[in-house]
There are 2 protein chains.
Amino acid sequence: METTGLHLWLVLWKAYQALRCHAERHIHSVGLGFSDFAVLEVLLHKGPAPVNTIGELVHLTSGSITAAIDRLERKSLVARGADPSDRRARVVRLTEAGRALIECAFRDHAAAMEAATGGLSAAERGAAVALLRKLGRSARER
Amino acid sequence: METTGLHLWLVLWKAYQALRCHAERHIHSVGLGFSDFAVLEVLLHKGPAPVNTIGELVHLTSGSITAAIDRLERKSLVARGADPSDRRARVVRLTEAGRALIECAFRDHAAAMEAATGGLSAAERGAAVALLRKLGRSARER
DNA sequence: CGAATTTATCTCCACGTCAAGATAAGTAAT
DNA sequence: ATTACTTATCTTGACGTGGAGATAAATTCG
(Lines give C-alpha, C1' and ligand atoms only; values in the text may rest on other atoms or scores of the structure.)
Protein backbone atom coordinates (compact mmCIF):
# COMPACT_ATOMS: atom_id res chain seq x y z
CA MET A 1 0.00 0.00 0.00
CA GLU A 2 1.28 3.41 -1.00
CA THR A 3 1.63 5.76 1.92
CA THR A 4 3.25 8.81 0.36
CA GLY A 5 1.66 12.18 0.98
CA LEU A 6 1.25 12.66 -2.74
CA HIS A 7 -0.66 9.45 -3.11
CA LEU A 8 -2.94 10.25 -0.20
CA TRP A 9 -3.61 13.62 -1.76
CA LEU A 10 -4.55 12.11 -5.10
CA VAL A 11 -6.89 9.55 -3.59
CA LEU A 12 -8.48 12.21 -1.41
CA TRP A 13 -8.97 14.38 -4.46
CA LYS A 14 -10.69 11.64 -6.40
CA ALA A 15 -12.98 10.70 -3.54
CA TYR A 16 -13.86 14.36 -3.09
CA GLN A 17 -14.68 14.73 -6.76
CA ALA A 18 -16.86 11.63 -6.75
CA LEU A 19 -18.91 12.85 -3.79
CA ARG A 20 -19.03 16.40 -5.04
CA CYS A 21 -20.41 15.16 -8.31
CA HIS A 22 -23.30 13.54 -6.45
CA ALA A 23 -23.85 16.64 -4.35
CA GLU A 24 -23.85 18.93 -7.34
CA ARG A 25 -26.35 16.89 -9.25
CA HIS A 26 -28.90 17.28 -6.46
CA ILE A 27 -28.16 20.90 -5.77
CA HIS A 28 -28.24 21.84 -9.43
CA SER A 29 -31.62 20.21 -9.79
CA VAL A 30 -33.00 22.76 -7.33
CA GLY A 31 -31.65 25.58 -9.49
CA LEU A 32 -28.88 26.52 -7.08
CA GLY A 33 -25.13 26.65 -7.34
CA PHE A 34 -22.86 25.01 -4.81
CA SER A 35 -21.94 28.22 -3.02
CA ASP A 36 -25.48 29.49 -2.91
CA PHE A 37 -26.58 26.24 -1.35
CA ALA A 38 -23.87 26.57 1.27
CA VAL A 39 -24.98 30.12 2.09
CA LEU A 40 -28.59 29.05 2.56
CA GLU A 41 -27.47 26.12 4.68
CA VAL A 42 -25.53 28.41 6.98
CA LEU A 43 -28.52 30.69 7.33
CA LEU A 44 -30.78 27.74 8.09
CA HIS A 45 -28.61 26.29 10.80
CA LYS A 46 -26.97 29.37 12.29
CA GLY A 47 -29.69 31.96 11.75
CA PRO A 48 -29.35 35.47 10.28
CA ALA A 49 -25.78 36.74 9.96
CA PRO A 50 -23.81 39.63 8.44
CA VAL A 51 -22.60 39.21 4.87
CA ASN A 52 -18.92 38.67 5.59
CA THR A 53 -19.53 36.31 8.49
CA ILE A 54 -21.32 34.05 6.05
CA GLY A 55 -18.50 34.54 3.58
CA GLU A 56 -15.94 33.27 6.03
CA LEU A 57 -18.04 30.24 6.94
CA VAL A 58 -18.42 29.16 3.34
CA HIS A 59 -14.93 30.28 2.27
CA LEU A 60 -15.89 33.07 -0.10
CA THR A 61 -14.04 36.37 -0.41
CA SER A 62 -15.88 39.64 0.11
CA GLY A 63 -16.51 40.13 -3.59
CA SER A 64 -17.77 36.59 -4.08
CA ILE A 65 -20.09 36.57 -1.09
CA THR A 66 -21.59 39.88 -2.18
CA ALA A 67 -22.31 38.36 -5.58
CA ALA A 68 -23.76 35.24 -3.97
CA ILE A 69 -26.10 37.21 -1.71
CA ASP A 70 -27.08 39.32 -4.73
CA ARG A 71 -28.08 36.19 -6.63
CA LEU A 72 -30.09 34.84 -3.72
CA GLU A 73 -31.75 38.18 -3.10
CA ARG A 74 -32.70 38.45 -6.76
CA LYS A 75 -34.46 35.11 -6.36
CA SER A 76 -36.13 36.32 -3.15
CA LEU A 77 -34.58 33.51 -1.15
CA VAL A 78 -32.82 35.84 1.31
CA ALA A 79 -33.19 39.47 2.36
CA ARG A 80 -30.67 42.03 3.53
CA GLY A 81 -31.51 44.09 6.60
CA ALA A 82 -29.82 46.68 8.76
CA ASP A 83 -27.78 45.75 11.80
CA PRO A 84 -28.98 47.98 14.66
CA SER A 85 -25.62 47.73 16.44
CA ASP A 86 -23.38 48.37 13.40
CA ARG A 87 -24.50 50.56 10.57
CA ARG A 88 -21.84 49.19 8.23
CA ALA A 89 -23.10 45.66 8.47
CA ARG A 90 -25.95 44.16 6.45
CA VAL A 91 -27.65 41.25 8.14
CA VAL A 92 -28.84 38.51 5.83
CA ARG A 93 -31.83 36.34 6.71
CA LEU A 94 -33.87 33.67 4.95
CA THR A 95 -37.21 34.60 3.45
CA GLU A 96 -40.15 32.20 3.77
CA ALA A 97 -39.45 30.90 0.29
CA GLY A 98 -35.75 30.55 1.05
CA ARG A 99 -36.40 28.60 4.21
CA ALA A 100 -38.81 26.27 2.49
CA LEU A 101 -36.37 25.66 -0.33
CA ILE A 102 -33.29 25.00 1.75
CA GLU A 103 -35.11 22.79 4.25
CA CYS A 104 -36.25 20.58 1.43
CA ALA A 105 -32.98 20.74 -0.49
CA PHE A 106 -30.96 19.99 2.61
CA ARG A 107 -32.96 16.86 3.36
CA ASP A 108 -32.40 15.66 -0.18
CA HIS A 109 -28.75 16.52 0.08
CA ALA A 110 -28.31 14.56 3.29
CA ALA A 111 -30.04 11.57 1.74
CA ALA A 112 -27.87 11.81 -1.37
CA MET A 113 -24.70 11.89 0.72
CA GLU A 114 -25.94 8.94 2.73
CA ALA A 115 -26.40 7.00 -0.46
CA ALA A 116 -23.13 8.16 -1.97
CA THR A 117 -21.14 7.01 1.05
CA GLY A 118 -23.04 3.74 1.30
CA GLY A 119 -20.06 1.79 0.05
CA LEU A 120 -18.49 2.12 3.48
CA SER A 121 -19.82 0.42 6.61
CA ALA A 122 -20.66 2.52 9.65
CA ALA A 123 -17.40 1.47 11.24
CA GLU A 124 -15.43 2.40 8.15
CA ARG A 125 -17.13 5.73 7.94
CA GLY A 126 -16.29 6.41 11.56
CA ALA A 127 -12.66 5.55 10.94
CA ALA A 128 -12.60 7.71 7.83
CA VAL A 129 -14.10 10.65 9.70
CA ALA A 130 -11.48 10.37 12.43
CA LEU A 131 -8.61 10.19 9.97
CA LEU A 132 -9.87 12.98 7.76
CA ARG A 133 -10.54 15.22 10.71
CA LYS A 134 -7.01 14.69 11.97
CA LEU A 135 -5.58 15.21 8.51
CA GLY A 136 -7.53 18.38 7.90
CA ARG A 137 -6.67 19.84 11.25
CA SER A 138 -2.95 19.20 10.96
CA ALA A 139 -2.81 20.44 7.39
CA ARG A 140 -4.53 23.66 8.38
CA GLU A 141 -1.99 24.22 11.14
CA ARG A 142 1.04 24.16 8.87
CA MET B 1 -18.37 9.48 16.62
CA GLU B 2 -20.67 10.70 13.89
CA THR B 3 -20.99 8.23 11.07
CA THR B 4 -23.63 9.82 8.86
CA GLY B 5 -22.87 10.20 5.18
CA LEU B 6 -23.39 13.93 5.46
CA HIS B 7 -20.82 14.24 8.21
CA LEU B 8 -18.28 12.19 6.31
CA TRP B 9 -18.84 14.41 3.30
CA LEU B 10 -18.25 17.58 5.31
CA VAL B 11 -15.07 16.29 6.91
CA LEU B 12 -13.81 15.09 3.55
CA TRP B 13 -14.55 18.49 2.07
CA LYS B 14 -12.62 20.30 4.75
CA ALA B 15 -9.62 18.01 4.53
CA TYR B 16 -9.64 18.43 0.78
CA GLN B 17 -9.72 22.20 1.07
CA ALA B 18 -6.87 22.23 3.56
CA LEU B 19 -4.64 20.14 1.31
CA ARG B 20 -5.70 21.95 -1.82
CA CYS B 21 -4.76 25.21 -0.18
CA HIS B 22 -1.22 23.91 0.34
CA ALA B 23 -1.06 22.57 -3.20
CA GLU B 24 -2.27 25.81 -4.71
CA ARG B 25 0.20 27.91 -2.85
CA HIS B 26 3.09 25.98 -4.33
CA ILE B 27 1.66 25.74 -7.80
CA HIS B 28 0.76 29.41 -7.90
CA SER B 29 4.30 30.31 -6.92
CA VAL B 30 5.45 28.74 -10.18
CA GLY B 31 3.06 30.95 -12.14
CA LEU B 32 0.68 28.13 -13.00
CA GLY B 33 -2.97 27.46 -12.30
CA PHE B 34 -4.16 24.19 -10.85
CA SER B 35 -5.48 22.79 -14.13
CA ASP B 36 -2.43 23.82 -16.10
CA PHE B 37 -0.24 22.04 -13.59
CA ALA B 38 -2.35 18.91 -13.94
CA VAL B 39 -2.02 19.04 -17.72
CA LEU B 40 1.76 19.30 -17.54
CA GLU B 41 1.88 16.50 -15.02
CA VAL B 42 -0.06 14.22 -17.33
CA LEU B 43 2.27 15.03 -20.20
CA LEU B 44 5.29 14.38 -18.02
CA HIS B 45 4.15 10.98 -16.80
CA LYS B 46 2.14 9.69 -19.76
CA GLY B 47 3.95 11.36 -22.64
CA PRO B 48 2.43 13.27 -25.59
CA ALA B 49 -1.31 12.90 -26.02
CA PRO B 50 -4.20 14.37 -28.02
CA VAL B 51 -5.98 17.38 -26.56
CA ASN B 52 -9.18 15.69 -25.48
CA THR B 53 -7.42 12.66 -24.02
CA ILE B 54 -5.67 15.03 -21.66
CA GLY B 55 -8.96 16.77 -20.98
CA GLU B 56 -10.56 13.54 -19.84
CA LEU B 57 -7.64 12.68 -17.59
CA VAL B 58 -7.76 16.02 -15.79
CA HIS B 59 -11.56 16.34 -15.93
CA LEU B 60 -11.84 19.33 -18.21
CA THR B 61 -14.48 19.73 -20.92
CA SER B 62 -13.43 20.29 -24.51
CA GLY B 63 -13.70 24.06 -24.24
CA SER B 64 -11.74 24.21 -21.01
CA ILE B 65 -8.93 21.94 -22.15
CA THR B 66 -8.57 23.96 -25.36
CA ALA B 67 -8.18 27.11 -23.27
CA ALA B 68 -5.70 25.39 -20.97
CA ILE B 69 -3.52 24.18 -23.84
CA ASP B 70 -3.74 27.66 -25.35
CA ARG B 71 -2.39 29.18 -22.13
CA LEU B 72 0.43 26.66 -21.92
CA GLU B 73 1.29 27.06 -25.59
CA ARG B 74 1.39 30.84 -25.20
CA LYS B 75 3.98 30.33 -22.46
CA SER B 76 5.89 27.91 -24.70
CA LEU B 77 5.55 25.11 -22.17
CA VAL B 78 3.80 22.75 -24.59
CA ALA B 79 3.46 22.49 -28.37
CA ARG B 80 0.67 21.18 -30.56
CA GLY B 81 1.59 18.85 -33.38
CA ALA B 82 -0.22 16.86 -36.03
CA ASP B 83 -1.29 13.27 -35.47
CA PRO B 84 -0.16 11.29 -38.53
CA SER B 85 -2.91 8.72 -38.05
CA ASP B 86 -5.82 11.14 -37.49
CA ARG B 87 -5.87 14.54 -39.08
CA ARG B 88 -8.53 15.82 -36.68
CA ALA B 89 -6.38 15.23 -33.64
CA ARG B 90 -3.74 17.60 -32.30
CA VAL B 91 -1.04 15.89 -30.28
CA VAL B 92 0.29 17.91 -27.36
CA ARG B 93 3.84 17.44 -26.10
CA LEU B 94 6.07 19.17 -23.58
CA THR B 95 8.71 21.60 -24.78
CA GLU B 96 12.14 21.61 -23.19
CA ALA B 97 11.11 24.54 -21.00
CA GLY B 98 7.86 22.82 -20.10
CA ARG B 99 9.60 19.62 -19.10
CA ALA B 100 12.13 21.46 -16.97
CA LEU B 101 9.38 23.44 -15.25
CA ILE B 102 7.05 20.56 -14.48
CA GLU B 103 9.84 18.27 -13.30
CA CYS B 104 10.91 20.86 -10.80
CA ALA B 105 7.37 21.89 -9.86
CA PHE B 106 6.30 18.30 -9.43
CA ARG B 107 9.13 17.56 -7.02
CA ASP B 108 8.16 20.59 -4.97
CA HIS B 109 4.54 19.56 -5.10
CA ALA B 110 5.29 16.07 -3.86
CA ALA B 111 7.36 17.50 -1.02
CA ALA B 112 4.61 19.95 -0.11
CA MET B 113 2.03 17.17 0.00
CA GLU B 114 4.38 15.08 2.09
CA ALA B 115 4.64 17.91 4.58
CA ALA B 116 0.95 18.70 4.48
CA THR B 117 -0.02 15.13 5.31
CA GLY B 118 2.67 14.81 7.96
CA GLY B 119 0.08 14.93 10.71
CA LEU B 120 -0.76 11.30 9.97
CA SER B 121 1.60 8.40 10.59
CA ALA B 122 2.50 6.07 7.74
CA ALA B 123 0.02 3.53 9.07
CA GLU B 124 -2.72 6.12 9.30
CA ARG B 125 -2.02 7.32 5.79
CA GLY B 126 -2.23 3.78 4.52
CA ALA B 127 -5.56 3.29 6.25
CA ALA B 128 -6.83 6.60 4.90
CA VAL B 129 -5.78 5.69 1.36
CA ALA B 130 -7.60 2.38 1.57
CA LEU B 131 -10.79 3.95 2.91
CA LEU B 132 -10.78 6.85 0.47
CA ARG B 133 -10.11 4.59 -2.46
CA LYS B 134 -13.04 2.41 -1.49
CA LEU B 135 -15.24 5.42 -0.90
CA GLY B 136 -14.35 7.03 -4.20
CA ARG B 137 -14.83 3.86 -6.16
CA SER B 138 -18.23 3.08 -4.70
CA ALA B 139 -19.44 6.65 -5.06
CA ARG B 140 -18.45 6.67 -8.70
CA GLU B 141 -20.40 3.48 -9.31
CA ARG B 142 -23.73 4.85 -8.13
C1' DC C 1 -11.89 65.71 20.42
C1' DG C 2 -9.42 64.59 15.92
C1' DA C 3 -6.31 61.57 13.24
C1' DA C 4 -5.07 57.10 12.02
C1' DT C 5 -6.36 52.41 11.69
C1' DT C 6 -9.45 48.67 11.24
C1' DT C 7 -13.71 46.56 9.71
C1' DA C 8 -17.88 45.59 6.61
C1' DT C 9 -19.42 45.90 2.33
C1' DC C 10 -19.49 46.83 -2.36
C1' DT C 11 -17.67 47.74 -7.35
C1' DC C 12 -14.94 46.54 -11.15
C1' DC C 13 -12.09 43.71 -13.82
C1' DA C 14 -9.54 39.48 -15.16
C1' DC C 15 -9.52 34.67 -15.15
C1' DG C 16 -10.97 29.82 -15.51
C1' DT C 17 -14.77 27.02 -16.32
C1' DC C 18 -18.70 24.99 -18.68
C1' DA C 19 -22.40 24.36 -22.16
C1' DA C 20 -23.85 24.68 -26.66
C1' DG C 21 -22.90 25.04 -31.14
C1' DA C 22 -19.65 25.06 -35.33
C1' DT C 23 -16.27 22.81 -38.22
C1' DA C 24 -13.78 19.26 -40.03
C1' DA C 25 -12.32 14.57 -40.33
C1' DG C 26 -12.98 9.77 -39.64
C1' DT C 27 -16.38 5.61 -39.79
C1' DA C 28 -20.34 2.76 -40.97
C1' DA C 29 -24.24 1.42 -43.76
C1' DT C 30 -26.82 1.10 -47.76
C1' DA D 1 -20.23 6.64 -53.63
C1' DT D 2 -23.52 8.90 -50.88
C1' DT D 3 -25.61 9.47 -46.65
C1' DA D 4 -25.71 9.45 -41.84
C1' DC D 5 -23.30 9.13 -37.61
C1' DT D 6 -19.47 9.70 -34.54
C1' DT D 7 -15.21 11.89 -32.93
C1' DA D 8 -11.67 15.74 -32.13
C1' DT D 9 -11.16 20.28 -31.69
C1' DC D 10 -12.24 24.98 -31.49
C1' DT D 11 -15.41 29.23 -30.77
C1' DT D 12 -18.60 31.95 -28.30
C1' DG D 13 -21.27 33.57 -24.47
C1' DA D 14 -22.54 33.29 -19.69
C1' DC D 15 -21.40 32.42 -15.01
C1' DG D 16 -18.93 32.15 -10.54
C1' DT D 17 -14.77 33.44 -8.34
C1' DG D 18 -10.86 36.08 -6.54
C1' DG D 19 -8.17 40.33 -5.98
C1' DA D 20 -7.57 45.25 -5.88
C1' DG D 21 -9.40 49.15 -4.64
C1' DA D 22 -13.35 52.43 -3.02
C1' DT D 23 -16.57 53.94 0.50
C1' DA D 24 -18.41 54.39 4.84
C1' DA D 25 -18.70 53.32 9.61
C1' DA D 26 -16.51 51.88 13.85
C1' DT D 27 -12.50 51.78 16.89
C1' DT D 28 -8.10 53.09 18.84
C1' DC D 29 -4.85 56.32 20.47
C1' DG D 30 -2.48 60.56 21.38
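Only this structure's heavy atoms are used, side chains among them; waters, hydrogens and symmetry mates stay out. Order of the sequence lines fixes the chain letters, A, B, ..., with proteins taken first and strands second; residue numbering starts at 1 for each chain. Every value quoted in this text rests on a predicted model; they were computed, and no experiment measured them.
- Atom CZ in Arg90(B) sits about 6 Å away from atom P in dC10(D), given to the nearest Å.
- How far CZ of Arg137(B) is from NZ of Lys14(A): 11.5 Å, rounded to the nearest 0.5 Å.
- For residues 57-77 of chain A, proximity to DNA chain C is found at Ser62(A), Gly63(A), Thr66(A), defined as any non-hydrogen atom under 4.0 angstrom from a strand atom.
- Within 4.0 Å of Asn52(A), counting heavy atoms only, lies at least one base atom of the nucleic acid.
- Between atom CD of residue Glu41(A) and atom CG of residue Asp36(A) there is a gap of 13.0 Å, rounded to the nearest 0.5 Å.
- Taking the six-membered ring where tryptophan is involved, the planes of His109(B) and Trp9(A) are perpendicular, since the angle between them exceeds 60° and thus also 30°.
- At whole-Å resolution of the value, NE2 in His28(A) and C1' in dC15(D) are 10 Å apart.
- With hydrogens and angles ignored, the 3.5 Å screen pairs no side-chain donor or acceptor of Lys46(A) with any backbone N or O of Leu57(A).
- The separation between Phe34(B) atom CZ and dT17(D) atom P is 17 Å, rounded to whole Å.
- Checked by distance alone, Arg88(B) brings a side-chain donor or acceptor within 3.5 Å of a matching partner on the base of dT7(D).
- Considering CG of Leu131(A) and CG of Leu12(B), their distance stands at 12.0 Å, rounded to 0.5 Å.
- The phosphate of dA26(D) (OP1 or OP2) has a side-chain N or O of Arg87(A) nearer than 4.0 angstrom.
- For the atom pair Leu72(A) CG and Leu32(A) CG, the distance stands at 7.0 Å (nearest 0.5 Å).
- The span of DNA chain C lying next to chain A, judged by atoms under 4.0 Å from heavy atoms, is bounded 5' to 3' by dT7(C) to dT11(C).
- Judged as a side chain to side chain donor-acceptor pair (under 3.5 Å), and not counting sequence neighbours, the contacts of Glu73(A) are Arg80(A).
- Across all strands, Asp86(A) comes closer than 4.0 Å only to sugar-phosphate atoms, never to a base (heavy-atom distances).
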